[in-house]
Protein chains: 2
Amino acid sequence: MQKEKLKKGEVTRQALEDAAVELFMEQGYHATSMRQIADKAGLALGGIYNHFKSKDEIFEAVIVDKHPYKKILPLIQEAEGETLEEFLGNATRIVINELTSQQYYVKLMLIEIAEFDGVHGSAMLKELVPNVLPVFERLVKTRKELRVVNPVVLLRSFIGMVLSYMITDIVISDSFLSKLMPSNMLDAYVDIYMHGVLKGDSLNV
Amino acid sequence: MQKEKLKKGEVTRQALEDAAVELFMEQGYHATSMRQIADKAGLALGGIYNHFKSKDEIFEAVIVDKHPYKKILPLIQEAEGETLEEFLGNATRIVINELTSQQYYVKLMLIEIAEFDGVHGSAMLKELVPNVLPVFERLVKTRKELRVVNPVVLLRSFIGMVLSYMITDIVISDSFLSKLMPSNMLDAYVDIYMHGVLKGDSLNV
DNA sequence: CCTACCGATCGGTAGG
DNA sequence: CCTACCGATCGGTAGG
């Protein structure tokens, strides 16, 4: 992945973060021990503390460094589509594909909320919003087919839609309900996001 | 709340569940100790094990007993509205109001996913779906204004919409973004759910 | 339902 | 970066 030569210290640090993110997403934060992280990264417990001051510091580093938006944003900007409908549909599929392949990050966000009450969320938003909001601002300006013209509302509802798909998917996936779901559930989700559950148009937003 | 006389054993059990749900939602599951639960419920550590075999059993009991759908379902059925638009709007506001007042349950669901990987979710759905799905089936049958005619899709998207509002609200609430949100965000959310982000109608679902 | 205890494991550190 | 250790706390139990 990394093309530049990394100093050994940096390599170990990355190995620790990689080990941690995998364990966190499997077990949550408090159920994951520093010893497990050390083992998985291939060093002794004490060695961790050359790179991180505490367990909490590992979690913070992971939340920032592993955020998938850096990977996703360029993909969205490459998304094609004649109409806005095609574009939005493709963009959503790209995001959800990327997030399911690195499913860990959605899990991390849920751990953040469940175990930390969202305390690191503010720092994360401070990095995310300045980079992502402009994309939605440009969208609102150039696309007349949008009913929703507030970029913040559009951003929140888009992220919310993706989240809601992924979370319900986790809960449903190993239950009897999964058999009742249509195979094109993702398409139906995107369709509802774009056109709503009701027939006919509305007036104001 | 309870009108019938409860045996003392049952009273203690409820006190334990009440203490547990509060601690779980504040700290998560693994960060909450049996001693904390005992203290909050007003008995000694050992006393817990007269009512629950393990910590996990407390969590399971809480997930089932504290599920808010029993409280919410009757409220929805009382929801008024001439048009389907009014009805859906009112229903959504009722659900979200109820969930924010007992915010704990959304937190419990996130703990479930974050710390247990959703293992108790299947049992929860087995109780929820048979009671809630019929409501959506009836809705699809009687209301011609719906574009989405698959009750399962409608149910999932409705729950997903509520979840996405509540989760983004938690993350945003104590960050700079909350100032950028419009005051009628909830209305905008419901509006998007009903009519989508795009102008104009679509064809198929 | 409480007291007193169990072995196990936790996050973190000293010292090299 | 490892070895060996610290005090604290964990979930759970025996015995009354």
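Proteins get letters first, then strands, A, B, ... in listed order; numbering begins at 1 in each. Computed from a predicted structure; not experimentally measured.
- In this structure, the nucleotide among dT13(C), dC10(D), dC1(D) sitting nearest to the side chain of Thr12(A) is dC1(D).
- Nucleotide dG7(D) is matched to dC10(C) when pairs are restricted to Watson-Crick or G-U wobble geometry with both distances under 3.5 angstrom.
- Within 4.0 Å of His51(A), counting heavy atoms only, lie sugar-phosphate atoms of the nucleic acid but no base atom.
- At a threshold of 4.5 Å between non-hydrogen side-chain atoms, the residues Ile37(A) and Phe24(A) count as touching.
- Between the NE2 atom of His30(A) and the C1' atom of dA8(D) there is a distance of 15 Å, rounded to whole Å.
- If you take CG of Leu45(B) and P of dT9(D), they are 14 Å apart, rounded to a whole angstrom.
- Rounded to whole Å, the distance from CG on Asp39(B) to P on dG11(D) is 12 Å.
- For Lys70(B) and Glu127(B), the salt-bridge test passes: some basic side-chain N is under 4.0 Å from an acidic carboxylate O.
- Between the CD atom of Gln27(A) and the C1' atom of dT9(C) there is a distance of 14 Å, rounded to whole Å.
- Among Val62(B), Val21(B), Leu43(B), Val11(B), the one residue that satisfies the side-chain contact (heavy atoms from CB on, under 4.5 Å) test with Leu16(B) is Leu43(B).
- Per the geometry, CG belonging to Asn50(A) stands 9 Å off P belonging to dC2(D), to the nearest Å.
- Annotation: Lys141(A), atom NZ; neighbour count of heavy atoms from other residues, nucleotides and ligands within 6.0 Å does not exceed 12.
- For the pair Arg35(A) CZ and dC2(D) P, the computed distance is 14 Å after rounding to whole Å.
- Of the listed nucleotides (dC5(C), dG12(C), dC2(C)), dC2(C) has the atom at the smallest distance from the side chain of Ala44(B).
- Place Gly47(A) and Gln36(B) on DNA chain D by their nearest nucleotides, and Gly47(A) ends up nearer the 5' end.
- Between dG12(D), dC1(C), dG11(C), one nucleotide has an atom nearer to the side chain of Ser33(A) than all others, and that is dG11(C).
- Here dT13(D) presents its C1' atom at 9 Å from OH of Tyr49(B), a figure rounded to the nearest Å.
- Enclosure of atom CD in Gln77(A) by more than 12 non-hydrogen atoms of other residues, nucleotides or ligands within 6.0 angstrom is indicated.
- Both distances falling under 3.5 Å, in either a Watson-Crick or a G-U wobble arrangement, place dG16(D) opposite dC1(C).
- Picking from dC2(C), dC5(C), dG12(C) the nucleotide with the shortest atom distance to the side chain of Leu43(B) gives dC2(C).
- Here the P atom of nucleotide dG11(D) and the CG atom of Leu16(B) are 14 Å apart, to the nearest Å.
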